[in-house]
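Proteins come first, then strands; the chains are lettered A, B, ... in the order of their sequence lines, and each starts at number 1.
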Amino acid sequence: MKKSLEKLLNKPLPVDPFMPQRAVITDIEELAPDHKKFSFAFCDESVNDSWNHIPGQFVMLTVPGAGEIPISICSSPTRKGTVELTVRKVGRKTEVLHRLKPGDYVAIRGPYGNGFPVGIMEGHNVLIIAGGLGIAPLRSLIWYILDRRHRFKEVYILYGTRSYEYVLYKEELKRLRERNDLKCLYTLDKFETEEDRRWADRKGLLTELIPMVELEPSETFVAVCGPPVAYRFIGKELLKHGYPESQIFVSLERKMECGIGKCGHCQIGYKFACIDGPVFPLWDTKNLPEMI
Amino acid sequence: MDFHIERAKVLPKSNLAKFLEGLKNLSTLIAPVKKGDKFIFSEIEKVSDVAVNYTRTILPPKKFLVPYRRERFSYSTDTLQFNKEFKVRDQIIFGVHSCDLHGISILDSVYLKENPDPRYLEIRKRTVLIGISCMPDEFCFCLSTGTAFPDGANWDLFLTDIGADYFVTIGSPKGDEIVLKLRKLFKDIEKKDLYLYKESTSKKKKAFKLEKLPDLERISQLIELEYDSEVWKEGSERCLGCGTCTNVCPTCFCYTSVDVPTLDGKKVKRIEFTTSCQYPYYSLVAGGHYFKPDRASRFKHRYYHKFVGYPYQIEKLGCVGCGRCSAECPAGISIVETINRLRGIDEKELREATEQASSR
Amino acid sequence: MVRIGIMGLTGCSGCQCEILNCQEALLKMLKRVSINFFPLAQDDNSLEDLDILFVEGSVTTEEDERKVKKGREVSSLLVAIGSCACYGGVQSQRNDEVSLTEMVKAVYGEKGVPVKVSKPRAVSEVVEVDYELPGCPLDKKQFVYTVASLLSGVKPFFPKIPVCHECKLSENECLILKGIPCQGPVTFSGCGAPCTSAGVGCQGCRGNCDFPNFEEMVSLLTQRGLSVEDAVKFLKVFRGYTAKEIKVRGVVDEKGA
Amino acid sequence: MKRELNVNHLSRVEGHGAVDIVIDGSALKEIRLRFTEGPRFFEYITRERLYTEIPKIVSRICGICYVSHRLASSMAIEDAFGVEVTEEIKLLRKLLIVGEYLESHALHLYFLALPDYMGYGSAIEMAKDYPNIVKRGFAIKEVGNRIMKTIAGKTVHGENVLAGGFKSIPEKEQLERIRDDLYGIIPELKATLSLFDSLNYPEANSPHNYELSLKGGHFGSLCEELEISDGTVFTKREYEFFVEEEVSPYSTAKRSTIKGKAFLIGPLARVNRALDSYHPSVKEEIKKLKNALPSSNPFLSNLARAVELLEAGFLGIETVERLLNAYPFEPEVPLEPKKGEGYGVKEAPRGTLYHRYAFDENGRCIGANIITPTAQLQAVIEENLASLVEKDLHLPDSELKKRAEMLVRAYDP
Ligand SMILES: Cc1cc2nc3c(=O)[nH]c(=O)nc-3n(C[C@H](O)[C@H](O)[C@H](O)COP(=O)(O)OP(=O)(O)OC[C@H]3O[C@@H](n4cnc5c(N)ncnc54)[C@H](O)[C@@H]3O)c2cc1C
Ligand code: SF4
Ligand code: SF4
Ligand code: SF4
């Protein structure tokens, strides 16, 4: 028998990676229409203590009766004790999740995926670009950076949504804007209400904010997350302004059933979004033509 | 137990039925049987049903390692207690061809290397694989994929047809044990047997129509470079998107899982079922966005995954040349033809390339 | 108790029979649901205040239309069951070929029918439909799964994949390859491919799968002895109003050739 | 005083029916049985379709007796093309019919009719007090369903019933399973017969002008001749000559008559004729009945169904045995389309039905006529209703309505 196979077959049965941990909902915050932030605590204390993740990673969340969904972790690993997820109501499973109340059980497994390369980002400028719900995984990164502010150089946050109503983490983002150790630029698609005007720095697309960023591109790491259609334009704009493609990281969404490279649904070209991503350098888009 | 060490034995064909009977007494026996004009792997009740000289089964033996519909676990709705109910039995899969053995190797890599799946591991541990040699038909191209012969043993026993007998190579302690238990049926190898065994290799190679074989050298790069080729579009016009090609493939592993509540609402089962990248919903995400929006992109994806994805993930081609996808496609689309057209190579060049490959 | 209703419009009652054929599951179901409306099987029926209403049959008469509209009003969820309710059923296969008056005249003569009729329509053409369980008749397992899911407050999940999926996984010899006309590649699975398993080609009773490739389907059927015209008619039988999606590749060429 | 009774939605009958009764003083003025079922134009949608499509399309006329429509149309097609199927195919068809009868009769007896006699609104209610009786109904139905599923592919609208025979035949093990199932339910069938013999049927003695059935009256018969109770025997080709159809002014079902008069079809008409041809054990059981057969009480249709159920059990066993002896056999005979006309008749559980088709030389249908049991029952039910109402005029409205409903249900139109 082959050595490699012998090694594989002689392993003892591993901990089941498909088996989630029971958790209880501790808090639910309504962020915007159809968007809620859920906080969870694992029923098993030891899991709570040992929980650690990298910003940009995601979990597989079992919604009782409905099934499993991949959701990015929006809390920062620097703040322990709870796992937070922000979920938009879009379909079968998220609908059921949105009906749950604090105290209800769910089950979670993870964290999965690679996350943003925070280690190599250290010592550089960071430009964070978020569109809509894309702010969720980036919120994790933002707080990670702010809690270790000294390790990073300049930080920019660009955030665009439909309208003020759909701005997520409103209070947090307002307070960020008041800080002087980072710059925030916010945009909205619509400029209809008074609130819209008060909130946004300008009306229009996220891409229009990029020229306003005053950073040395070669010294900067960029983290992008947004709706699938936005990537192409954001990527083009960033390249135009001289950001190196190996320093631009995009977080992608795909259909996922397992989160651990077994179900195949998340394939992007030859890569799996779950184990090779969901964060990819923009360079990959050349190899993975259908990525964006 | 006797101390027993042996590399190979000879099983006279006349003893085959007894051998099978012996296997059946050891545990559940699975082997190819005839169904209509085709063959399928099936649990054996009467050993006389076993078809030894088959070319290919409709579905690969994969179905006994990764059932097409399987329960991952169930949980109670009120307290969310998880419960695994699946049972694993000992099984012997007899009569597996070389390509399918290679296919199982690929599944092993997928399921056991990164994030090993305990269910697969348990099934795999309790499965004995007994291979058998075969002759190619017009759909086979395992010579190109390098899977025409079993390599460094992921099998327990392998039977090579050498005329009046089978030359039985022993690949694992489990295989050895079987031979030991049924040793009355076997003969020791003689020089002529070894000669015939060696000869069988070239005999099989010669049975391929070389000019029909695809050239798979540098296929990964080729497919990447031909990303925008018209060949994809032309193929996809005929493709029905019926998923047959992936469902019959020994290396495809994609699945979808659904949580199915029971009627009393007290329990939920998580069911996983085999799916195909050829189905539109496969790449559908929230907001109605299809990542593989048209048939051409789905059609192309299969080749992309087989010839670029697998090499990236597990360092092997994802195709073992079994020819099932071409033999079963209702629209008659052939993987070999697609590759040849992609390559755009002329006949002569192709022959030279494969002759070289086969003489290696 | 969840209140459900089962209503029959113009159809063969086969779907309602299949529901009665669920037997064991039905008895289990009755622990959690009360059947408030089911004229085929019980006397006291009230079409009021329902949680789920299952509707069988196509909308063909004025009475059908009135009934289904009322049903929609009083029920939170409306599930169309069977191909008549989902697509219009076999009775709608000639909707695009002939006029209603012609049909009435041919079958009933000059006197006509004593009720007000329209061309057979799918339920969704008249009222909003929440879920569709196609099939002629509907599939028992899918019905039970749908009820179980809805009782748990979850929408059922039905990927619209082709019948070939279930056919191949049942290890049938492909009928198309054997020269027998089969609609498996363009038909919405979920039935478990009973027809192809019995050696009869799929007749398409469950309607379209996602993005069916009709051009190739028609061309395959013509290679198996049907004329283009007959192939299209074969495909049309159960597809009702969705039959207009059937496209034929290079019609002129194929006729010429 | 004018009384008007309307049962607008007959429940527990398949399809949509309504009864209007108008009574003036002490005389019945008008009685109307209306079928409000939407028309589906089967005679028209079959036109221009290939013969291979016909059985499939007409199968959808009725989900309960689809086997009958499929077989009648298949036989009509075979007739038109001048082919005869083999003995084995006929046997397999017979077995299929056994399945159909077990399913349909059990459904009717236990779920549609029995609640009336036991005083319940539905079998679901009845199940609470009499779970075992309902379970027995389920058990019989289940065997019928399994037979249909095994032979036809599905329980309802199985596509494996075609002109020329079948595309495939069941495996030997499956046939053996059917045989064992059938042996298993014989006691249940006997119990059904005695249960339905013990019920209190309303008195109604309305001798029918004519009774019509296939010759001999046996439900499993595949013969091509028909028989009227006055002794007339005719072939299926003469059907439209004897049974005349006219469009009804108030019902979507057409109305048929023989020699201008209403006639009875269905279980009672059949059993009245077939008593002598039954299996000895069935004859034995019939002797024990307290209700006498033959009979002209339409309510006894239910008893007739129970008799046929038992006969179906024995016929089934005999047929499977013969099939097993002949195993394996060719599933179909080849068909060669040609121009012409063909006829098919068959005893459906609720009565005789008739199909006629004309084909062009390519085997496309150019004309069809289908006479369903419902159409033929229209007149006789109205007639029976009239005599029932006249006899029971004194009864209060609700009771009279209930009687009327029970009567219609006994016919299961
Ligand atoms: C790595 C990753 C991180 C994500 N992070 C977040 C997050 O932080 N917040 C958030 O709200 N959403 C997130 N999503 C998306 C989220 O998983 C889907 O919105 C969710 O699965 C939809 O489930 P549903 O059952 O409600 O929708 P469905 O009713 O199943 O379908 C609605 C739509 O969602 C698609 N869909 C179904 N299942 C999945 C799936 N497993 N993955 C993706 N799409 C699917 C369907 O194809 C359909 O188009 C993330 C997805 C990925 C892959
Ligand atoms: S891709 Fe086709 S030939 Fe290759 S292994 Fe899969 S089924 Fe066999
Ligand atoms: S028989 Fe029909 S359904 Fe089955 S694989 Fe072939 S085309 Fe598909
Ligand atoms: S195989 Fe086709 S015709 Fe048969 S039940 Fe399924 S969808 Fe209907």
Side-chain angles (χ1 to χ4, degrees), chain C residues 8-18 20-21 23-24 27 30 35 38-45 57-58 60-61 63-64 89-91 93-94 97-98 102-104 106-109 111-115 117 120 136-137 180 191 194-195 197-200 203 205 226 230 233-234 237, chain D residues 9-16 34 36-45 47-50 52-53 56-57 60-64 66 107 111-112 115 121-125 127 138 141-142 145 149 152-160 162 166-168 247-252 254 331 364:
Chain C
L9 305 176
T10 299
C12 76
S13 307
C15 291
Q16 299 185 63
C17 285
E18 274 295 81
L20 287 174
N21 282 344
Q23 324 225 114
E24 292 301 311
L27 291 180
L30 285 171
I35 301 184
F38 192 3
L40 177 75
Q42 67 186 31
D43 282 352
D44 300 321
N45 294 302
S58 63
T60 307
T61 61
E63 167 82 359
D64 284 344
V90 286
Q91 57 267 35
Q93 62 179 303
R94 298 197 72 187
E97 292 171 33
V98 290
E102 198 177 323
M103 282 202 274
V104 173
V107 179
Y108 289 89
K111 278 196 199 161
V113 229
V115 290
V117 296
C136 188
I180 297 171
C191 51
C195 306
S197 303
V200 189
Q203 307 293 316
C205 80
L226 292 178
D230 287 334
K233 282 177 188 160
F234 174 49
V237 172
Chain D
H9 301 281
L10 282 165
S11 59
R12 283 187 282 132
V13 296
E14 196 229 327
H16 307 269
R34 286 183 287 130
T36 54
E37 178 89 24
R40 286 182 290 156
F41 311 108
F42 279 100
E43 281 117 331
Y44 204 76
I45 54 178
R47 276 201 206 164
E48 293 173 29
R49 295 311 193 237
L50 274 182
T52 42
E53 312 266 348
K56 166 175 82 190
I57 295 174
R60 271 71 191 183
I61 292 176
C62 169
I64 300 179
Y66 86 90
L107 174 75
F111 299 91
L112 306 183
S122 72
I124 302 164
E125 274 172 48
F138 275 151
K141 247 168 70 111
E142 181 62 36
N145 275 335
K149 169 131 183 84
K154 297 196 277 182
T155 48
V156 177
H157 299 316
E159 300 292 352
N160 192 23
L162 298 162
F166 302 86
K167 279 286 172 207
S168 63
V247 175
S248 154
Y250 48 80
S251 177
T252 53
K254 291 179 189 169
R364 288 205 191 90

* Asked: Atom SG of Cys17(C) and atom NE2 of His157(D): how far apart are they, to the nearest 0.5 Å?
  -> 8.5 Å

* For each of Ala41(C), Gly57(C), Cys195(C), tally heavy-atom pairs with chain D at distances under 4.5 Å, and name the one with the top tally. => Ala41(C)

* Structure fact -> Whatever's closer than 4.5 Å to a heavy atom in chain D on Cys205(C) counts as side chain

* Using non-hydrogen atoms only, which part of Cys136(C) is less than 4.5 Å away from chain D: side chain, backbone, both, or neither? -> both

* Asked: Does a side-chain heavy-atom distance below 4.5 Å link Asp230(C) with Glu53(D)?
  -> no

* Engaged part of Gln93(C) at the chain D interface, taking heavy atoms whose separation is under 4.5 Å -> both

* With no hydrogens and no angle check, is any side-chain donor or acceptor of Arg94(C) less than 3.5 Å from a backbone partner on Tyr44(D)? -> yes

* Structure fact -> Scored by heavy-atom pairs under 4.5 Å with chain C, the best of Leu50(D), Thr52(D), Ile61(D) is Leu50(D)

* Which bit of Pro137(C) is near chain D, if near means a heavy-atom gap under 4.5 Å: side chain, backbone, both or neither? -> both

* Say whether, by atom type as modelled, one donor and one acceptor occur between the side chain of Ser13(C) and the main chain of Gly63(D) under 3.5 angstrom. => no

* When Glu48(D), Lys254(D), Lys149(D) are compared by non-hydrogen pairs under 4.5 Å with chain C, the top option -> Glu48(D)

* Asked: Gln23(C) side chain to Phe138(D) main-chain N or O, any donor-acceptor pair under 3.5 Å?
  -> yes

* Asked: Excluding sequence neighbours, so at least two apart, what forms salt bridge (Lys or Arg N to Asp or Glu O under 4.0 Å) with Arg49(D)?
  -> Glu97(C)

* Looking at Lys56(D), Glu142(D), Glu43(D), Lys154(D), which has the largest count of heavy-atom pairs under 4.5 Å with chain C? -> Lys56(D)

* Where does Phe166(D) contact chain C at under 4.5 Å (heavy atoms): side chain, backbone, both or neither? -> neither

* Name the region of Leu9(C), side chain, backbone, both or neither, that has any atom closer than 4.5 Å to a heavy atom of chain D. => backbone

* For Ile35(C) against Ile124(D), the heavy-atom pair lying closest together -> CD1-CD1, 3.9 Å

* Can you name the closest pair of heavy atoms from Gly153(D) and Pro194(C) and give their distance? -> O-CB, 3.3 Å

* To do: Measure Leu20(C) against the heavy atoms of chain D and call it side chain, backbone, both or neither at under 4.5 Å.
  => both

* Structure fact -> Greatest number of non-hydrogen atom pairs under 4.5 angstrom with chain D, of Cys191(C), Pro39(C), Ser197(C), falls to Pro39(C)

* Asked: chain C heavy atoms under 4.5 Å from Leu112(D): which part of the residue, side chain, backbone, both or neither?
  -> side chain

* Asked: At their closest point, which heavy atom of Asn21(C) faces which heavy atom of Val156(D), and how far apart are they?
  -> ND2-CG2, 4.2 Å

* Asked: Taking atom CD of Glu18(C) and atom OG1 of Thr155(D), what is their separation to the nearest 0.5 Å?
  -> 3.0 Å

* With a 4.5 angstrom heavy-atom cut-off, could you sort out which part of Val117(C) is near chain D: side chain, backbone, both or neither? => side chain

* Asked: Where does Thr61(C) contact chain D at under 4.5 Å (heavy atoms): side chain, backbone, both or neither?
  -> side chain

* Kindly indicate, with the supporting measurements, whether the criterion side chain to side chain contact (heavy atoms under 4.5 Å, CB included) is fulfilled by Cys12(C) and Arg40(D). => CA-CA 10 Å; Cys12(C) 76; Arg40(D) 286 182 290 156; 3.9 Å; yes

* **Note, Val98(C) side chain near Arg47(D) side chain (heavy atom, < 4.5 Å)** => no

* Test ring-ring contact (aromatic ring centres under 6.0 Å, His included) applied to Phe41(D) - qualifying residues, sequence neighbours left out -> none

* To do: Please report the closest heavy-atom contact between Ser168(D) and Gly199(C), naming both atoms and the distance.
  => OG-N, 4.4 Å

* Given a strict heavy-atom distance threshold of 4.5 Å, which part of Asn160(D) is in contact with chain C: side chain, backbone, both, or neither? -> both

